[in-house]
Amino acid sequence: MIKLIFSTISFLIGTSLFSQDLFTKSKPIVYTKVKFEQVKDTAIPNKIVQINLKGKKGFAIEKLVIIEQESARESSYIHFYKANKIIQKILVPFWIRHLTPNAEIADFNSDGIPDLKFRIYTAGNGMAALLNYKVYLISQQNNYKVMSFVDFSSEKEYDLNGDGLPEIIGCSSTNYNGHNYWVFNLYNWVNGTLKSVSKTYDYPIWTVVDFKTNKLIAKNIPVSVRNATFRTLPDEYFVK
C-alpha cells in the first residue's frame, strides 16, 4: 500500500500537473493600436511603410519609416524621425511584405516610455504559414533598440506577477508520441536583452495543436520531457 502511494506521488510529481494558467486565468496587457500607412515614392521602388506618432503621448519620436531593401538577404531599414529629421537608423534582417496592418503600443521594459510591437508573417505553407517575426522597438531613453525573433505565437504579453514588466511569450512546436504540441517559453526584457523567466513560472508549458483554441494545456507530459524544450532564447533572436 505504501509502495502504491509512493508510486502515485512520484507520477504526479513527474507530470505537468502544476498551476500553469496562462491561457485560463491570466489577463494580457492592454495595448493601443496604431495603423501602418503605405508610402509611395517613385524614387524608391521598394515597399515603404510609416507610422505617424506625432501627438501620441510619451513618444520622443514623431514618425517611424520602414524601407524594404532589395538584396540577396532579406533586410529593411527602420528610420526614426524627430522634427522631420532622421535621428536613428537600424538595419534589420527581415522584409516587410507580409506586415500586419497595425502596430501595438505598450511599455515592454517598464521604463514609463511607450514601445512598439508589430508582426510580419514569413508566408510559408501548412503550419509554417503561422510563423511570424515578432518585432519590438524598445525605448532606451534617447533612442531605440530593435528586438525580434521568429515563432508561431500571436499571443499578447502578460504581466504574470504584477511587477509592471510584461512577460514576452515565445512559441515553438514539437512532436511527442505521435502528437503535435505548441511549446511556450517566457522572457523579460532586462538590460537591453531578453532574459528567460520560464523556470520562475514553471515553464515551458505545452498545449495541444488543434488549430481551434490551442489553449488546452497538455498535463500528461513528463516534466523531464517538457523541460527538455526549455529555450534560453527564441529562434532567430536579433537585437540591435
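Nothing fancy with the numbering, it's 1 onward along the sequence. Only heavy atoms go into these numbers, but all of them, side chains included; no hydrogens, no water, no symmetry mates.
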From [atom1] ([X]) to [atom2] ([Y]), nearest 0.5 Å:
X: N188; Y: E157; atom1: CG; atom2: CD; value: 11.0 Å
X: L53; Y: K82; atom1: CG; atom2: NZ; value: 13.0 Å
X: W95; Y: I66; atom1: CH2; atom2: CD1; value: 15.5 Å
X: I61; Y: K56; atom1: CD1; atom2: NZ; value: 12.5 Å
X: Y31; Y: D107; atom1: OH; atom2: CG; value: 12.0 Å
X: K54; Y: K63; atom1: NZ; atom2: NZ; value: 10.0 Å

Hey, does [Y] have a side-chain heavy atom less than 4.5 Å from the side chain of [X]?
X: H79; Y: Y77; value: yes
X: T100; Y: Y121; value: yes
X: I48; Y: V65; value: yes
X: T229; Y: Y181; value: no
X: V92; Y: F238; value: yes
X: Y187; Y: Y203; value: no
X: P234; Y: L194; value: yes
X: Y158; Y: P166; value: no

Does [X] [atom1] have over 12 foreign heavy atoms under 6.0 Å away?
X: K47; atom1: NZ; result: yes
X: N191; atom1: CG; result: no
X: N175; atom1: CG; result: yes

Determine the minimum heavy-atom distance between [X] and [Y], stating which atoms define it.
X: Y176; Y: P222; value: OH-CD, 3.6 Å
X: E167; Y: V197; value: CG-CG2, 4.1 Å
X: P204; Y: S198; value: N-CB, 4.3 Å
X: I113; Y: N109; value: O-OD1, 4.4 Å
X: V39; Y: V49; value: CG2-C, 4.2 Å
X: L91; Y: S75; value: CD1-CB, 3.9 Å

Could you tell me whether the side chain of [X] and the main chain of [Y] form a donor-acceptor pair under 3.5 Å?
X: N185; Y: V183; value: no
X: Q88; Y: Y144; value: yes
X: K134; Y: I169; value: yes
X: D115; Y: F108; value: yes
X: T207; Y: I217; value: no
X: N46; Y: E68; value: yes
X: Q69; Y: I67; value: yes
X: N180; Y: V209; value: no
X: E62; Y: A83; value: yes

**Message:** Between Y237 and T193, do the side chains contain a donor N or O and an acceptor N or O under 3.5 Å apart?
**Reply:**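 Yes, a side-chain donor-acceptor pair sits under 3.5 Å.
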
**Message:** Can you confirm whether the side chains of S139 and D111 place a donor and an acceptor under 3.5 Å from each other?
**Reply:** yes

**Request:** Show your reasoning for whether side chain to side chain contact (heavy atoms under 4.5 Å, CB included) applies to F118 and N102.
**Result:** CA-CA 7 Å; F118 54 89; N102 298 299; over 6 Å; no

**Prompt:** I78 and V146: side chain to side chain contact (heavy atoms under 4.5 Å, CB included), yes or no, with the steps?
**Reply:** CA-CA 9 Å; I78 301 179; V146 177; 4.1 Å; yes

**Asked** F94 vs Y133 aromatic rings, parallel, tilted or perpendicular, using cut-offs 30° and 60°?
**Response** tilted

**Request:** Quick one: do I105 and L116 satisfy side chain to side chain contact (heavy atoms under 4.5 Å, CB included)? Show the steps, please.
**Result:** CA-CA 5 Å; I105 299 171; L116 286 162; 3.5 Å; yes

Same cluster for [X] and [Y] if Ile/Leu/Val/Met/Phe/Trp/Tyr side chains link at under 4.5 Å?
X: F149; Y: V239; value: yes
X: L165; Y: Y136; value: no
X: M147; Y: V150; value: no
X: I168; Y: F152; value: no
X: F59; Y: V135; value: yes

**Sidechain N-carboxylate O distance under 4.0 Å for R119, D151** =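 No, this pair does not count.
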
**Request:** Taking the six-membered ring of F230 (Phe, Tyr or Trp), confirm whether the NZ or CZ of K199 is under 6.0 Å from its centre and within 45° of its axis.
**Result:**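 Yes, cation above the ring, under 6.0 Å and within 45°.
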
**Message:** Could you walk me through whether W206 and T174 satisfy the side chain to side chain donor-acceptor pair (under 3.5 Å) test, starting with their C-alpha distance in whole Å, then the side-chain angles of each, then the deciding distance to 0.1 Å, before giving a yes or no?
**Reply:** CA-CA 9 Å; W206 292 21; T174 193; over 6 Å; no

**Request:** Walk me through it: do K145 and W189 pass the test side chain to side chain contact (heavy atoms under 4.5 Å, CB included)?
**Result:** CA-CA 11 Å; K145 272 200 172 184; W189 177 263; 4.1 Å; yes

